[in-house]
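By convention in this document, chain letters (A, B, ...) are assigned in the order of the sequence lines, proteins followed by strands, and residues within each chain are numbered from 1.
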Number of protein chains: 2
Amino acid sequence: MNEIEVKRRATVHDVARAAGVSLATVDRVLNGRAGVRAATAEKVAAAIAAIGFQRDLSASLLARGRDLRLTFIIPDGSNEFMASLADAVSARADQALAERMHIQTRRVRALDGAALAASLDALNPHDCDCAIIVASQEPAVVAAVDAASRRGVAVMTLVSDLPGTQRRLFIGIDNVAAGRTAASLMGRFLPHGGTVAVIAGSLHLADHIDRLAGFRAALEAEFAGITLLGPIEGHDERSETEAIVGDLLKRHPDLGGIYNLGAGNAGLVAALEASGRGGAIRVIAHELTEPTRRGLKSGAIDVVLDQNPDGEIRAALAAARTLALGDNRIVVADPIEIGIFLRDNLR
Amino acid sequence: MNEIEVKRRATVHDVARAAGVSLATVDRVLNGRAGVRAATAEKVAAAIAAIGFQRDLSASLLARGRDLRLTFIIPDGSNEFMASLADAVSARADQALAERMHIQTRRVRALDGAALAASLDALNPHDCDCAIIVASQEPAVVAAVDAASRRGVAVMTLVSDLPGTQRRLFIGIDNVAAGRTAASLMGRFLPHGGTVAVIAGSLHLADHIDRLAGFRAALEAEFAGITLLGPIEGHDERSETEAIVGDLLKRHPDLGGIYNLGAGNAGLVAALEASGRGGAIRVIAHELTEPTRRGLKSGAIDVVLDQNPDGEIRAALAAARTLALGDNRIVVADPIEIGIFLRDNLR
DNA sequence: TAGGTCATGAGGCACGTACCTCATGAGCAG
DNA sequence: CTGCTCATGAGGTACGTGCCTCATGACCTA
């Protein structure tokens, strides 16, 4: 008598009863099978809405009797961030398997649209339900994404989006906001103004363009005392970036700060440490990787903005799981937050 | 013939076969039921390890035929952060329900150990599998946590830990690191040194003590030019904090910064804005709530350190789900990161 | 030896959904 | 009317695990 009364969750049986149709018909509607008149389908839909039916994900996956098959396609090469993204995928693989998600990872040459497109073209719905890709903005990739969607392979974009395609979801940070944040910190670090150099990877990369735009806009709006130098392109390369920074330090003895919005941070740290001026110059970089960690610890880098690869992978997996439920539902993901790291809150 | 070969996931049947025992025995071992000799249990454990069996969470919850029952106990009162924590719980309720987790939230008077203990005592394993509490460090609470654990109600602590008890997991940030981070930012904001006032809620709260310790240590180690004023206790109250800040501003025309490591931020912002010196003083506060958001936007606050209530709730739910599997497994959660927010990366 | 306890096995039903086959009846064209 | 298509219903099995009952045989104790 002390029982707590619990509302039983609605099941497909309840839907059938409420709609006045059979279980088989409800099943046909729920799983998009043919052979149901529009009028009947609507009755079912109305019943679902009326009683608030939610399909039981666990039971659904169990009954399907097969794991969800996901393929991550991640750029290869020297880019440490992409490596950490791949690591984050591996780290989640076991947990994902326990939730019936079978993960496969492929690395393709960075900035090689043809390779990415070929990799996408090789996927068929028989062995891949969903592809998660780091997209580069090239026509071949756009075509491959749409083709995969038509074949029945859902596509989600990670880190770098591909708007205007059939991709179901984008998972990544707001890079304009990241640039603004960098400016806001740099401005406060230099209360008496000064010169700040900006280094980018490439001005053909959407995320780098966004960061630069945000950085510039926020500096102009709030910190008139700061003069911007650059941007200089380092092509995300260690040695090239090292040369650029070394040159900057030599030519600008009064340099107040450096914002590296691309990769190549190993070179940045090396040049700073070699100059003996590490610590006297405020430095902001992107992505928490081995070189930036080292830089934070040594004091060469003050702040690292990070897009939390682990969180992105978690969000991607959660979204993929939802995707498995229905074909026509809108999938949303928790927004990815920009991580801000100093030496003192290194995880 | 084009089939991709998939390793079938191991099931309890496979474990039984590998161990040379019956399904019933495997079940007894897995679910901690009595009536199995130690030697037999070990054979089963060995088989599980050997074939890498992982219990299917979905099927397990389905077979249990009942939802996981979770009770959040969250302090009530004027504390905006606790309100946002409760909001985060509500926001996840639907999603949780779809994963067979039934959430109940209770609010108890803040800093009232007896009330929290009573609330815990009222829980019995029949209608609550797991309690998630914001613990305060009082003997009555400690006793209640251990009693609940003995009764079969698992307890997890949120935001504020209760070490030395039977609590299964703590979910929250590293408050010493948070204090260090605040110091590290403040030090860089004031490159020529200055005076920084510290306001705490209460020096009897573990998290406040930790933040203060971290702040102090990092200032002393790295920023000798900064003089610390306080800490002054504002008891997390709006009006008291407002009075304190107003007084500080009046008496210290040269004040360089304020670090409020407790709540009462509405008062902080009001006093700063009333003084007309907002923007000239570097201000760091905790928790992204309505008043701190306002402060960031108006420029009264420079940086807010946040412990990401939504992420904490997500982690708690994930951990609870794992907890449902076995009684004697070690549950781990993803670490909660300290969020750092400026006006420019407000979410 | 009789009676008891205890470890283990065998088997079945249940959870909610997916997916299959087969039957039935309505509607329609010729 | 005959023969066809098509919407729908009825009912089954399966997924992997939890939980229940009952049977069996080993071992101990009086």
Side-chain angles (χ1 to χ4, degrees), chain A residues 6-17 19-44 47-48 51-68 97-102 129 321 324-327, chain B residues 6-17 19-44 47-48 51-68 97-102 129 321 324-327:
Chain A
V6 186
K7 266 191 314 216
R8 199 173 50 81
R9 317 224 331 267
T11 74
V12 281
H13 298 270
D14 302 319
V15 174
R17 206 174 313 117
V21 300
S22 74
L23 252 184
T25 298
V26 173
D27 179 67
R28 288 179 186 114
V29 172
L30 277 179
N31 295 295
R33 279 185 262 278
V36 182
R37 264 193 309 226
T40 310
E42 266 179 48
K43 273 202 303 185
V44 174
I48 289 177
I51 66 179
F53 167 75
Q54 275 201 129
R55 186 179 342 208
D56 185 316
L57 223 172
S58 306
S60 173
L61 288 176
L62 177 59
R64 278 181 157 86
R66 65 184 175 90
D67 291 3
L68 210 55
L97 204 57
E99 295 177 5
R100 312 192 72 88
M101 297 191 284
H102 185 81
D129 302 288
R321 207 154 176 277
L325 265 189
D327 299 342
Chain B
V6 184
K7 265 190 315 215
R8 199 174 49 81
R9 316 218 339 265
T11 74
V12 281
H13 294 87
D14 302 320
V15 175
R17 206 173 314 119
V21 300
S22 74
L23 252 184
T25 298
V26 173
D27 179 66
R28 289 179 185 115
V29 172
L30 276 179
N31 297 294
R33 279 185 263 278
V36 182
R37 262 192 309 225
T40 311
E42 265 178 47
K43 271 201 305 186
V44 173
I48 288 177
I51 67 179
F53 167 75
Q54 276 201 125
R55 185 180 342 209
D56 185 318
L57 225 173
S58 305
S60 173
L61 288 177
L62 177 60
R64 278 180 155 86
R66 65 185 174 90
D67 290 4
L68 211 54
L97 204 58
E99 294 177 6
R100 311 192 74 88
M101 296 190 285
H102 185 81
D129 303 289
R321 208 156 176 275
L325 266 188
D327 298 344

Whole angstrom value for the distance that separates [atom2] of [N] from [atom1] of [X]:
X: B/Asp56; N: D/dA14; atom1: CG; atom2: P; result: 18 Å
X: B/Asp129; N: D/dG18; atom1: CG; atom2: P; result: 14 Å
X: B/Ile51; N: D/dG16; atom1: CD1; atom2: P; result: 13 Å
X: B/Leu57; N: C/dG16; atom1: CG; atom2: P; result: 17 Å
X: A/Leu23; N: D/dG12; atom1: CG; atom2: C1'; result: 12 Å
X: B/Leu62; N: C/dA14; atom1: CG; atom2: C1'; result: 9 Å
X: B/Arg33; N: C/dA7; atom1: CZ; atom2: C1'; result: 15 Å
X: A/His13; N: C/dT17; atom1: NE2; atom2: P; result: 7 Å

Single hit among B/Asp14, B/Val26, B/Val12, B/Leu30 for side-chain contact (heavy atoms from CB on, under 4.5 Å) with B/Ile48: B/Leu30
message: Under the side-chain contact (heavy atoms from CB on, under 4.5 Å) test against B/Val21, which residue among B/Val44, B/Val29, B/Val36 passes?
response: B/Val44
- prompt: For the atom pair CG (B/Leu61) and CZ (B/Arg321), what is the distance rounded to the nearest 0.5 Å?
  reply: 6.0 Å
Can you name the atoms? Protein N/O to nucleotides 4-8 of chain D N/O, anything below 3.5 Å, with the distance.
unit_1	atom_1	unit_2	atom_2	d
D/dT8	OP1	A/Arg37	NH2	3.4
D/dT8	OP1	A/Thr40	OG1	2.0
D/dT8	OP2	A/Arg37	N	2.7
D/dT8	OP2	A/Thr40	OG1	3.4

message: If you define the side chain from C-beta out and look only at heavy atoms, does anything of B/His102 sit under 4.5 Å from B/Leu68?
response: no
- request: Without swapping roles, check the side chain of A/Asp27 against the backbone of A/Leu23 for a donor-acceptor pair under 3.5 Å.
  value: no
task: Report the C-alpha distance between B/Val15 and B/Arg55 in whole Å, list the side-chain angles of each, state the deciding distance to 0.1 Å, and finish with yes or no for side-chain contact (heavy atoms from CB on, under 4.5 Å).
output: CA-CA 11 Å; B/Val15 175; B/Arg55 185 180 342 209; over 6 Å; no
Side-chain N,O (B/Arg64) to OP1/OP2 (D/dT17) below 4.0 Å: no
